[in-house]
Structures are given as structure tokens and as C-alpha cells.
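The structure presented is a predicted model; accordingly, all values stated were derived computationally and were not measured. In what follows, residues are counted from 1 in the order of the sequence shown.
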Amino acid sequence: MVLSDKTIREQMKAGRIIVRPFDEKDLQPASVDLHIDRRLLAFRNSTEPYIDLRKPMADLTEVIEIPDDRPFILHPGEFILGSTLEHIEIPDDVVARLEGKSSLGRIGLLIHSTAGYVDPGWKGHLTLELTNVSRLPVTLYYGMRIGQISFQMMSTPVERPYGSKALGSRYQGQQDPTASRAHLDFDHYLKKPGS
């Protein structure tokens, strides 16, 4: 079941769900509004001929910071990685969903491509996959409301929460927007038997 504002507040007061910093005005009927942090990862499309999923590509992105006095301009068709200002922690019997704000979706700003699911046991800042699908540039201001997170109770606590050593969770504890670590799949799953 999806948690109501009352239950979210109770879970936060008990320290089971953590959203920090938190302002009461960000509590919605069944979610909590989240804000965009200052650091962004912008893609430098001219540095590589293609994205090879089997190797890390540290040179593919560069860190850009949103200044206090002006916005970052996200141009039509551009894709960047951002991060929530909030640090989120979820217990092992709750799963969360990250969604965009309706007001931003109505102007063509998407905040995730596929990564809207937040596993039980998650701890850290959420990476945002920001895309402008409109025909005009969109401004991104540091600290603006960028999305919302809702929570659902699970039938039982999970046996292996996100961050468990056995899972090899690669994004646990992230503080800034974090580039893809897909190459680790090849290191783990494509090893020859006995190696």
C-alpha cells in the first residue's frame, strides 16, 4: 500500500524513512517533494565515438555546478545527470518511487528515463536523469523542486536489502550525480568459469 502523508510523517519521526533536509511544506498527500542539488554531470559527446558498456568512460562527462545567481540551461534534446539535494534512506520493508512534478512534465522536463525505482535499504542522494523533450530551452535553478518520492510497504522485509555485500550494490551512499557503472556487469557476469 502507498503511504499517506500521515504515515510518511510517522515513519520519518520514528527514523525509519529519512529525507534530509526536510521541510514540512514538501510533504504532499502521498509523497515528499525533492529538490535539485547544485552539481550536474553533463555529457561531452565529442570525446568518444560511442559508449562501450564494457569499460568505464570517465571522460564522457564533466561536472558543472549551478551557480546561485543564474540557472543552468537545458537545451532541447539534451540529457544530463543531476542529483537530489536530499539524502534519502529507506528501511528493508519499504520500496519507493521517484517521479517528476506535473508542472515540469507539462513543459517537457523529464527527471528519469528508467531509474524511478528505489530499492529497500537505499541510502544516499538519488541521481536524476534529466531530459528536455520540449522545443525550447528549460532553466534549472539550484534548490528548485524537481520531483517527488512516494513510499510503499512491502509484504515482508527483504532478505537482501540494497547495499548488501552479496548484491554488489554499486550506487549505495552516493552524494553527487553518479555516472553509469554498467561496465561492472561485464566484470561480474562475463567472467569465465574458474577465473
Q | Pairs involving residues 85-111, ordered by first then second residue, that meet ring-ring contact (aromatic ring centres under 6.0 Å, His included) (sequence neighbours left out) | A | His87-His125

Validation row: [X], [Y] side chains within 4.5 angstrom (heavy atoms):
{"X": "Leu104", "Y": "Arg145", "answer": "no"}
{"X": "Pro76", "Y": "Pro137", "answer": "yes"}
{"X": "Leu85", "Y": "Ile146", "answer": "no"}
{"X": "Val158", "Y": "Pro120", "answer": "yes"}
{"X": "Ile88", "Y": "Trp122", "answer": "yes"}
{"X": "Glu86", "Y": "Phe22", "answer": "no"}

Counting distance only, does the side-chain N/O of [X] pair as donor-acceptor with the main-chain N or O of [Y] below 3.5 Å?
{"X": "Gln148", "Y": "Leu34", "answer": "no"}
{"X": "Ser164", "Y": "Ala166", "answer": "no"}
{"X": "Asn132", "Y": "Leu74", "answer": "yes"}
{"X": "Gln152", "Y": "Val95", "answer": "no"}
{"X": "His112", "Y": "Leu98", "answer": "yes"}
{"X": "Ser31", "Y": "Gln28", "answer": "no"}
{"X": "Arg97", "Y": "Ser150", "answer": "no"}
{"X": "Thr61", "Y": "Phe43", "answer": "no"}
{"X": "Thr131", "Y": "Val133", "answer": "no"}
{"X": "Gln11", "Y": "Ile8", "answer": "no"}

Straight-line distance of [X] [atom1] to [Y] [atom2], nearest 0.5 Å:
{"X": "Thr139", "Y": "Leu136", "atom1": "OG1", "atom2": "CG", "value": "11.5 Å"}
{"X": "Leu128", "Y": "Leu41", "atom1": "CG", "atom2": "CG", "value": "11.0 Å"}
{"X": "Met153", "Y": "Leu3", "atom1": "CE", "atom2": "CG", "value": "6.5 Å"}
{"X": "Ile107", "Y": "Ser102", "atom1": "CD1", "atom2": "OG", "value": "10.5 Å"}
{"X": "Asp23", "Y": "Asp33", "atom1": "CG", "atom2": "CG", "value": "10.0 Å"}
{"X": "Ile80", "Y": "Ile64", "atom1": "CD1", "atom2": "CD1", "value": "7.5 Å"}

Would you call [X] and [Y] a salt bridge, using N to O less than 4.0 angstrom?
{"X": "Arg16", "Y": "Asp93", "result": "yes"}
{"X": "Asp37", "Y": "Arg39", "result": "no"}
{"X": "Arg9", "Y": "Glu24", "result": "yes"}
{"X": "Arg160", "Y": "Asp92", "result": "no"}

Q: Would you check, one step at a time, whether the test side-chain contact (heavy atoms from CB on, under 4.5 Å) holds for Met1 with Thr7?
A: CA-CA 11 Å; Met1 90 186 119; Thr7 307; over 6 Å; no

Q: Evaluate the side-chain contact (heavy atoms from CB on, under 4.5 Å) criterion for residues Met12 and Val19: first the C-alpha distance (whole Å), next the side-chain angles of each, then the deciding distance (0.1 Å), finally the verdict.
A: CA-CA 8 Å; Met12 290 176 70; Val19 178; 3.9 Å; yes

Consider only side-chain heavy atoms of I, L, V, M, F, W and Y, link residues closer than 4.5 Å, and tell whether [X] and [Y] are in one cluster.
{"X": "Val94", "Y": "Ile18", "value": "no"}
{"X": "Leu81", "Y": "Leu60", "value": "yes"}
{"X": "Met144", "Y": "Phe72", "value": "yes"}
{"X": "Leu110", "Y": "Tyr141", "value": "no"}
{"X": "Val2", "Y": "Val32", "value": "no"}

Q. Just wondering, more than 12 heavy atoms not from Glu62 lying within 6.0 Å of its CD?
A.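 Atom CD in Glu62 is packed in, count exceeds 12.
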
Q: Specify the closest pair of heavy atoms between Pro91 and Ile17, including all atoms of both residues, with the distance to one decimal.
A: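 For Pro91 and Ile17, the tightest heavy-atom pair comes out as CD-CG1, 4.0 Å.
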
Q.
Walk me through whether Ile149 and Glu99 qualify under side-chain contact (heavy atoms from CB on, under 4.5 Å).
A. CA-CA 6 Å; Ile149 190 167; Glu99 296 296 344; over 6 Å; no

